[in-house]
Amino acid sequence: MAEKKQIVILGGSYSGVSTAHSVLKHVLPSLPDSSAYAVVLISASSQSMCRPACPRALISDDYFNQDKLFVSIPKQFEQYKSNFRFINGTVTELHHEQRTLSVSVADAVEQLSYYALVIATGASTFSPLFGFNRDEAFLRASWTAFRAALPAARSIVIAGGGPTGVETAGELGEHLNGRAGWFSSTLANPKVAVTLVSAGDNLLPNLRPALAQKAERYLAKVGVTVIKNARVKNVSPQGSTNQEGGTFSGPGVDDVAAKATLSLDNGSTMDADLYIPAFGTRPNTSFIKASSLLASDRRVNTNESTLRVDAAGPRVYAVGDVGSYAKPAIHQILAAIPVVTANIKRDLLADAGQTLAGEDRVFKEDTRETQMIPIGKSKGVGAAMGYKLPSFMVWLIKGRDYWLWTTGNLWSGKQWAKEG
Ligand SMILES: Cc1cc2nc3c(=O)[nH]c(=O)nc-3n(C[C@H](O)[C@H](O)[C@H](O)COP(=O)(O)OP(=O)(O)OC[C@H]3O[C@@H](n4cnc5c(N)ncnc54)[C@H](O)[C@@H]3O)c2cc1C
């Protein structure tokens, strides 16, 4: 493989796996000598997972078919036979001037050169419960620790009034306390005190206030208390994980099951048997040392039209949550894949001496109100393309299985059968 021109893709989730399929299906066959190229997909996790399912999946394996929730990446690429290599490793340094990468694989560090590079390493959450902050073993271990502590918990505090916080509060509330009857607006005497702390004066800042207020009413039905206009300033003993985006030390597996005392910026303190930080994310870019490649929020400085990383030299792209070009969401990724594919194709053909007619393919972020938030197993709030959705539609589209119905085609590449 090393003597081939390597198109290296970093990250094995929505954006990396999709780009790899799309390049193998649509770029390689269009090149004059396709056997001279290889796609190399590098990911710290050897599996892909339906990340939006985490707020429900973290409670119990019984809620989802685990064979659909987690899928092996190499297995999804067996169909290509040649021109593809998967490396289960962590990229530790990008040397963009030399066009090489250092990759930690098992106990060794491998140096890899690239001809083209797609950065798709996404973002980590503050809590390890919500995705592959390291790999699948770390995620599983954090779920196991959390589940072991759950039966004894009498108070749970979740910080963050965005979708992850609201969904997690709704799932835990219904799982632990059940749901109030048809004629009651709140659940009386919930067994476990579930509290959601939100910095804003409304939950769900990406949705209109009326939907945020409806979400609050649904949360009350599953025994969740909402505290607004308050930020978690300090957490003991979880170090510096606060809601102000300050220094991050990151809770480990033990922290997800630990009691915590929280100081809020409204002057109050709270004790929690379990504490879940569910606010914000941090881009997985620690392997990029050159500040010229990073935006101020540490996402990769990406050309918002072409998805090229202009400062990194020719044939370098970023796609997905790691890029600065759009808000982090799966529908933005699905719209970006045909764009990045077309521009990779254009650049590789040009380098092979064939200039395509026309212009670069251009990405345009869809900024319409689009977000769906299940609240427990039967309710939800949301909007799509600017239109408010009834609770039943949110349940039907997302709440039943948190998008698991969509991931089969994504991981297998069927989604990208057409060039788009
Ligand atoms: C709890 C939760 C719920 C969500 N719900 C929704 C939803 O309902 N709808 C929606 O549109 N979006 C949702 N999102 C956002 C959505 O999950 C992301 O937009 C999506 O996962 C981004 O995909 P990605 O491929 O860019 O990166 P990620 O999913 O973050 O994956 C990054 C991949 O890169 C790998 N990686 C990271 N660093 C390295 C490295 N140095 N070397 C090698 N590999 C590395 C990781 O192991 C991982 O496989 C949710 C997010 C969370 C956390």
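Just so you know, these numbers use all the heavy atoms, side chains as well, and skip hydrogens, waters and symmetry mates. Atoms within a ligand are numbered from 1 in the order they appear, just like the ligands themselves.
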Polar atom proximity, [X] to ligand 1 (N or O, under 3.5 Å):
X: T90; answer: no
X: F130; answer: no
X: S45; answer: yes
X: W403; answer: yes
X: R51; answer: yes
X: I330; answer: yes
X: V91; answer: yes

So is [X] touching ligand 1 or not, going by heavy atoms under 4.0 Å?
X: G89; result: yes
X: G131; result: no
X: Y402; result: no
X: M372; result: no
X: T164; result: yes
X: L10; result: no

**Asked** How far apart are the C-alpha atoms of R308 and D360, what are their side-chain angles, what is the distance that settles it, and do they pass the salt bridge (Lys or Arg N to Asp or Glu O under 4.0 Å) test?
**Response** CA-CA 11 Å; R308 294 188 184 102; D360 286 333; 2.9 Å; yes
Per side chain to side chain contact (heavy atoms under 4.5 Å, CB included), M270 is matched among I227, V232, T261 by I227
Below 4.0 angstrom from a heavy atom of [X], which ligand 1 atoms are there? Numbered from 1 as shown, please.
X: G122; value: 26 (O), 27 (O), 28 (P), 30 (O), 32 (C)
X: Y14; value: 20 (C), 21 (O), 23 (O), 25 (O)
X: I333; value: 22 (C), 23 (O), 26 (O)

Could you see which bit of [X] sits under 4.0 Å from ligand 1, with heavy atoms only: side chain, backbone, both or neither?
X: V17; answer: neither
X: F287; answer: side chain
X: T125; answer: side chain
X: A123; answer: backbone

Ignoring hydrogens and geometry beyond distance, is a side-chain donor-acceptor pair present between [X] and [Y] at under 3.5 Å?
X: Y115; Y: K4; result: no
X: T341; Y: E419; result: no
X: N229; Y: D201; result: no
X: N284; Y: S124; result: yes

Between the OH atom in Y63 and the CD atom in E171, the distance rounded to the nearest 0.5 Å is 7.0 Å
To the nearest 0.5 Å, atom OG of S22 lies from atom CD1 of I337 at 7.0 Å
Any idea how [X] and [Y] line up, ring-wise: parallel (<30°), tilted (30 to 60°), or perpendicular (>60°)?
X: Y325; Y: F363; result: perpendicular
X: Y402; Y: F64; result: perpendicular
X: W411; Y: Y14; result: tilted

- Please check if a non-hydrogen protein atom sits closer than 4.0 Å to atom 14 (N) of ligand 1. no
What I'd like to find out is whether the side chain of L196 reaches to under 4.5 Å of the side chain of L219, using heavy atoms alone. yes
Checklist entry - Do F77 and F86 have their ring centres less than 6.0 Å from each other? => result no
Worksheet item: Are the side chain of N202 and the backbone of P205 linked by a donor-acceptor contact shorter than 3.5 Å?
Response: no
Note: heavy atom closest to atom 45 (C) of ligand 1, options T19, L58, L94, T121, belongs to T121
Among S15, S18, G12, G320, the residue with a heavy atom nearest to atom 24 (P) of ligand 1 is S15
